[in-house]
Amino acid sequence: MENEARHTLSLTDRSELSLTGINDVDAFNEEEISVICECGELLIKGDLLHIEELSLETGIMNVSGKISSLTYSEKLSRTSVFKKLFGA
């Protein structure tokens, strides 16, 4: 278990968000940032969001702005979605 990657989240005053265990950034703009982490997909919503630091090599990401929502969902592979749609 010592080699297993971990995901942590620290939010300060709803304006500074620090994350670890980030694998990829799916999409981002000033109102939403969608990231893939060890626990699934994380959707960050707010205003004037800005990615201050991102290192996919170390899995670290820092975000600033007015953060209003953090929502986790299970990550689904695209193949499983296609299998469900087309029965393949």
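Note that the structure is predicted; figures quoted are calculated from it, not measured.
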Any side-chain heavy-atom pair of Leu9 and Tyr72 under 4.5 Å: yes
Within residues 44-53 or reaching into it, pairs that qualify as side-chain hydrogen bond (donor to acceptor under 3.5 Å, both in side chains) - sequence neighbours excluded: Glu52-Ser64, Glu53-Asn62
Minimum side-chain heavy-atom gap Leu19-Ile60 below 4.5 Å: no
Backbone of Glu31 reached by a side-chain donor or acceptor of Asn29 within 3.5 Å: yes
pair Leu49-Glu32: side-chain heavy atoms closer than 4.5 Å: no
Side chain to side chain, Met61 and Ile33, heavy atoms closer than 4.5 Å: yes
Close side-chain approach of Ile44 and Leu17, heavy atoms under 4.5 Å: yes
From CA spacing to verdict: side-chain contact (heavy atoms from CB on, under 4.5 Å), Val35, Asp24: CA-CA 6 Å; Val35 298; Asp24 198 9; over 6 Å; no
Test item: His7 side-chain N/O and Cys39 main-chain N/O as donor-acceptor pair under 3.5 Å: no
Min side-chain heavy-atom separation Ser34-Glu41 under 4.5 Å: yes
Crowding at CG, Asp13 (>12 non-hydrogen neighbours, <6.0 Å): no
Non-hydrogen atoms of Cys37 and Ile22 that approach each other most closely: CB-CD1, 4.0 Å
CZ on Arg14 to CD1 on Ile67, rounded to 0.5 Å: 8.5 Å
Joint hydrophobic cluster, Val63 plus Ile36, side-chain heavy atoms closer than 4.5 Å: no
